[in-house]
Protein chains: 2
Amino acid sequence: MTQPPTRRKRSPSTASTPAGTGTVTLGMVAKAAGVSPSTVSRILNGTATVSPEKREAIDEAIRTLGFRPNPVARGLAGGRTLSVGVLTQTINSPFYGEALRGIEDRLEVAGYIPIFVSGHWHEAEEHKAMEALMSRRVDGLIVLAGRMSNDALQAYSQQVPMVVVGRELHTDRIFSIDFDNFTGGLLATQHLIECGHRRIAFIAGDPLHKDALDREAGYRAALERAGIAFDSALVLNGDFTEAGGLMAVNRLLESGLAFSAIFAANDQTAIGAALGLYRRNVRVPDDVSLVGFDDLAPAKFSVPPLTTIRQSVYEIGSEAAAAMLDMLKGETPAAKLPPPELVARESTRRVAR
Amino acid sequence: MTQPPTRRKRSPSTASTPAGTGTVTLGMVAKAAGVSPSTVSRILNGTATVSPEKREAIDEAIRTLGFRPNPVARGLAGGRTLSVGVLTQTINSPFYGEALRGIEDRLEVAGYIPIFVSGHWHEAEEHKAMEALMSRRVDGLIVLAGRMSNDALQAYSQQVPMVVVGRELHTDRIFSIDFDNFTGGLLATQHLIECGHRRIAFIAGDPLHKDALDREAGYRAALERAGIAFDSALVLNGDFTEAGGLMAVNRLLESGLAFSAIFAANDQTAIGAALGLYRRNVRVPDDVSLVGFDDLAPAKFSVPPLTTIRQSVYEIGSEAAAAMLDMLKGETPAAKLPPPELVARESTRRVAR
DNA sequence: TTGTAGGCGTTATCAC
DNA sequence: GTGATAACGCCTACAA
């Protein structure tokens, strides 16, 4: 059924025989255009100026032969592979998946290809993944959060340009993309306060994750500005997962504490919390208002649709990729993310004071 | 802030100078072990048997030098890149994302790396993506559904081994992984019938997708076996998305037709349908029972948790990868998927007849 | 069993 | 501006 994997056999003849298989090489283009391979390479990379006539002839040859440069050979010869490594945590995470799409789209138009590897929030795995990327000679690295130490990241950044997302790490070799999680947390909480809520619980995210901390800071700031006393008993541990949200809400309910609203550190947590409330016959939003964070796809179709903070995860990805492309060109990157924004849906409701 | 992307400079000296940068080459290993480069290559690839002493010396040299073969050079020289291309549709799809994880995990242990590209259900994009993969010299191709014609796929399969998922396409160069969607559709519908439902609506999936058709066939077969007349008015168009499910349910409700249960062609559709029902104050499962298909992560945490058909999407991915590895070894692949299984949660309920 | 000598397709260096 | 020529790091006939 199958055949051995060899597919291109070594031909003993000279390199640039146009008669060969389907592979069109740069050398063949050169021969067809009547120039040297170097000249072809030059126009391909814009390394030097070439005379209009030759340029014309080469363009034509490329077109008629259907030549496509071989990235593998390029990688060997020039040290550039036109690929950038992306260290993500779970390839199928609703959050990071969205960012990956942004990265992919943005890199593609520049002719770069992303190589995704997963760390699964596990330091050893992240190292393995990074090694795989480095041995693949990626031209750059985009790191989405993770557990690896800053020192380790900086070490890698000595070898290739690096963009990091969701971590506190700025150096002259590392460009950092930051979303304004603090303001997001502030907006979410303020929305609940404006709705008349005063007893607002918060289900935190992964405490090792900077985003989670910033969101919590926003929550506390909003309470303070409204003159509402902070009650640490209303802050529950979470881990950015649905299961974590569900368990947190169970603990909250069992505590017997009064509360009329919950701000969850991300949508997944909120969705888990919604299920927990449903199970105990607490209605959303009639009995308890609920706010999430991220505005991922599921938020729009949850029952009820979730009020949340929109942060354009897709754009975070595409901006990270854009920054990487800038660095690759030797330019100083500059990312501009849209500010966080409240999306009011049906999981929150105004209450009488 | 940034530096130009060049990082490995061409040294005018001979290739194998151990004094150079951090890059350890095969040649350096050879020199250190006192053998020729070919011998090192041989033990690396198991191409031939070498004397135990040399083997020992080489292993040692590899270890002390920390040598890691360069996949790029390997790709150029040997035609193998130790990478397999994966044509998916959307990198962040909850369904395919799960499969990607299976692929990634399975390939990793074999030293292969997946390169994911997205086609977005768009034939032209799929072709572009395929070209990108081919120019990258991937050793194999895993295709997850898509719009590209079978002929086009077969053409690619002439160049590299191929595994396809979710399509009707078997040739001697293509290995096809199939999940038993028919039985899944049957089980879902039979569950509703056993609960006492007789007016069961079906929200179909993408009609261009084989899985969708098989599931519908299962639905019809179950009705027939139970002696329930098929009513085409109870079959709604859908497209495997939440929005599609929502719109379908709206049409169903507006039609005024009697029904007490809905079988949706996938979980996403079911979740959209659940929202549509909620919006019109139709309660699940009290007024209408609802069944999905796939048992993706969101199903477990929807409100109410969704009764669905479990198909292990992760395993579909890992089996596809395993099959690819078999083909790469020149062996005949054999995939064994677990059978579909009903997962009864809280969105279905028994009714009085 | 082991070494030698190309060659993979492209880029970079250095003369012209 | 343009063309030889030598790498890049590895693999694989071929010879020994």
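Letters go in sequence order (proteins before strands), and every chain restarts at 1. Heavy-atom basis, side chains included; hydrogens, waters and symmetry copies ignored. Keep in mind it's a predicted model, so treat the numbers as computed, not measured.
We find that CG of B/L76 is positioned 12 Å from C1' of C/dT11, with the value rounded to whole Å. Nucleotide C/dT10 holds its C1' atom 15 Å from the CZ atom of A/R68, rounded to whole Å. Rounding to whole angstrom units, CG of residue B/N70 and P of C/dC8 are separated by 18 Å. The CZ-P distance, from A/R137 to D/dC8, rounds to 12 Å in whole Å. Atom CG of A/D139 and atom P of C/dT11 are 13 Å apart (whole Å). Regarding A/M28, its CE atom lies at a distance of 12 Å from the P atom of C/dC8, rounded to whole Å.
Close to C/dG9, at under 4.0 Å from its OP1 or OP2, lies no side-chain N or O of A/R74. Proximity of A/T39 to the phosphate of D/dT2: no side-chain N or O atom is located under 4.0 Å from OP1 or OP2.
On a pure distance criterion of 3.5 Å, no polar donor-acceptor pair joins the side chain of A/T25 and the base of C/dT10.
Recorded end-axis angle for the helix from C/dT1-D/dA16 to C/dC16-D/dG1 stands at 40°, based on five pairs per end and rounded to 10 degrees.
Of all heavy-atom pairs spanning A/L87 and A/G119, the tightest one is CD1-N, 4.2 Å.
The side chain of B/A77 approaches D/dC10 more closely than any other nucleotide in the set D/dC10, D/dC8, D/dG3.
Between the side chain of B/S176 and the main chain of B/L169, a donor-acceptor pair closer than 3.5 Å is present.
A/R167 and A/N150 share a side-chain donor-acceptor pair at under 3.5 Å. Side-chain contact check for B/Q89 and B/S118: no donor-acceptor pair (N or O, by modelled atom type) lies under 3.5 Å.
A 6.0 Å sphere centred on CD of B/E131 holds more than 12 heavy atoms belonging to other residues, nucleotides or ligands.
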Checklist entry - Is there a side-chain hydrogen bond (donor to acceptor under 3.5 Å, both in side chains) between B/Y314 and B/D105 once you walk through the steps? => result CA-CA 10 Å; B/Y314 177 88; B/D105 289 353; 2.6 Å; yes
Item to check | Test log, rule side-chain hydrogen bond (donor to acceptor under 3.5 Å, both in side chains), inputs B/T39 and B/S36 | outcome: CA-CA 5 Å; B/T39 308; B/S36 80; 3.3 Å; yes
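Using a 4.0 Å heavy-atom cutoff across all strands shown, A/P69 reaches sugar-phosphate atoms only and no base atom.
A salt bridge is absent between A/R147 and A/E125: the closest approach of a Lys/Arg side-chain nitrogen to an acidic carboxylate oxygen does not fall below 4.0 angstrom.
DNA chain D is contacted by A/R42, A/T49, A/V50, A/S51, A/K54 of residues 41-67 of chain A, taking any non-hydrogen atom closer than 4.0 Å.
Classified by interplanar angle (parallel below 30°, tilted 30° to 60°, perpendicular above 60°), the ring pair A/Y156/A/H127 is tilted.
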